[in-house]
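Scroll down for the structure; my scribbles are underneath it.
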Amino acid sequence: MSYSIVFFGTSDFAVPSLKALLADQRFDVKAVVTQPDQPVGRHQVMTAPPIKVTAQENKLAVFQFEKIKDTEALKTLADFKADFFVVASYGQIIPQSVLDLPNIGPINVHGSLLPKWRGASCVQSAIAAGDKEAGITIMLMDALMDHGPIISQTATEILADDTGESLHDRLAELGARNLPDVLNQFAQGKLKPVEQDHTKATACKLLKRDDGKIDWSKSAEEIERLIRAYNPWPSAWMISNKKRIKILKTRILGVLKSPRRHGEIFAQDEKLVVNCGDNKALEILELQPEGKKAMTAKQFLAGNHSF
RNA sequence: CGCGGGGUAGAGCAGUUGGCAGCUCGCCAGGCCCAUAACCUGGAGGUCGUCGGUUCAAGUCCGACCCCCGCAA
């Protein structure tokens, strides 16, 4: 006897969770629901979301509803009579009518310690805000985003060198590791959902590339965190000589001997540095000029003697 | 065929109106020094993305193709 599951997910974040359920005998994944293929990249090639790739590798049925709100989706999903709907970074708001379908419940795996960081950019937001820890919340879903009662939470320390990517990957694995046991225990009534403290809720928005433009009037600490948080997506960047330069990795220096104005990039003692709003400087360690591959500051300086 | 930048030494770049291929690092050898990632001297290393065309002569001009990257999605 195993629990039947319909899995909702789209991005890389959801892949470890899906694989964890597939590998566990206690569960039977009946189908995968994911976003439609989208034109992606420089040549706008139609590309399947990562979850679809994983699903197809495992010969699972895949549904890609344009709108999960459509009655067609509701009818299709009702036929599975699933015990669980498991949702991880699906990308669409799921209506109450669909959430009501599973016998045991609709479960969400979210990459923050709710009620903190409800929304799409929870990983980047936690690093950028300077949080000491991040985590995974497994929760019962309701119709509001990341709003339902909490079943299980696991924290992980945010390290000084964590990037959006490293923390994202760690959280994805953490969620996947806990998910099977949490589902099993919840089904057996051993875990009771606890209502979130909604007065402490914070939200984070979906990030766009423009959000990565560095505001050099901020403190060096803030900017350094932003750069780590937004690496590799949406990436932190600045404009220098009318060219966009992505800033990939920095280190905080103290106050410089001969500072320049905020946001001006220059070489000093063979280091590439920029002054921030608090007059502390950031040493740029890795960067990527527009049209070039990512490189170290040393490589950049080798070919740019004017700095 | 969405817009744009680019492929030149191991790395990052320069190369003027076609005329012997350079710069900063790195690397190798030697020197200096208590010592060094510092300094001095010498050295190796490039079919200039590929194919074709124009020319006495092509990194440079013309055509086609391959690859990398930024934007946009």
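Computed from a predicted model, the values in this text were never measured in an experiment. In what follows, chains carry the letters A, B, and so on, assigned in the order in which the sequence lines appear, proteins first and then strands, with residues in each chain numbered from 1.
The separation between A/Lys243 atom NZ and B/G12 atom C1' is 16 Å, rounded to whole Å. Between A/Phe300 atom CZ and B/C69 atom P the separation is 19 Å, expressed in whole Å. Whole-Å rounding puts the A/Ile247 CD1 to B/G70 P distance at 14 Å. Rounded to an integer number of Å, the gap from A/Asp269 CG to B/A38 P is 14 Å. At whole-Å resolution of the value, NE2 in A/His43 and C1' in B/C3 are 12 Å apart. As a whole-Å value, the separation of A/Asn304 CG from B/A11 P is 17 Å. Atom CD in A/Glu290 sits roughly 9 Å away from atom C1' in B/C69 (whole-Å rounding). The nearest whole Å value for the distance from the CG atom in A/Asp211 to the P atom in B/C71 is 14 Å.
The C1' atoms of B/G59 and B/U50 are separated by 15 Å, rounded to the nearest whole Å. To the nearest whole angstrom, the two C1' atoms, one in B/U60 and one in B/U16, are 10 Å apart. Across the P atoms, B/G18 and B/A9 are found 24 Å apart, a figure rounded to whole Å. A distance of about 12 Å separates the C1' atoms of B/A57 and B/C20, rounded to the whole Å. Using P as the reference atom, B/C62 and B/U54 are 15 Å apart when rounded to the nearest Å. For the C1' atoms, the distance linking B/C48 with B/C61 amounts to 16 Å, nearest Å.
A donor-acceptor pair under 3.5 Å is absent between the side-chain atoms of A/Thr34 and the main chain of A/Lys52, judged by distance alone. In this structure a side-chain-to-backbone donor-acceptor pair under 3.5 Å is present from A/Asp162 to A/Leu159. A distance-only check finds a donor-acceptor pair linking the side chain of A/Gln196 to the backbone of A/Asp146 [under 3.5 Å].
Side-chain nitrogen and oxygen atoms of A/Lys246 include at least one within less than 4.0 Å of the OP1 or OP2 phosphate oxygen of B/G70. Distances shorter than 4.0 Å separate none of the side-chain N or O atoms of A/Gln299 from OP1 or OP2 on B/C13. Regarding contacts with the backbone of B/A72, every side-chain N or O of A/Arg42 stays at 4.0 angstrom or more from both OP1 and OP2.
Partners of A/Phe266 by ring pair (Phe, Tyr, Trp, His ring centres under 6.0 Å), not counting sequence neighbours: none found.
Grouping the Ile, Leu, Val, Met, Phe, Trp and Tyr side chains by contacts below 4.5 angstrom, directly or via other members, places A/Val33 apart from A/Leu60.
Shown here, B/A29 forms a base pair with B/U41; the pair counts as Watson-Crick or G-U wobble because both key distances fall under 3.5 Å. As the counterpart of B/A64, B/U50 is assigned, both hydrogen-bonding distances of the Watson-Crick or G-U wobble pattern falling under 3.5 Å. Using N1 to N3 plus N6-O4 or O6-N4 for Watson-Crick, or N1-O2 and O6-N3 for G-U wobble, each under 3.5 Å, B/C3 pairs with B/G70.
When distances are taken from the side chain of A/Met295 to each of B/C23, B/C13, B/C71, the shortest belongs to B/C13.
Backbone-only engagement by A/Gln288 is indicated by non-hydrogen atom pairs under 4.0 Å involving sugar-phosphate atoms exclusively.
Of the charged side-chain nitrogens involved, none lies within less than 4.0 Å of a carboxylate oxygen, so that A/Arg177 and A/Glu173 do not count as a salt-bridged pair.
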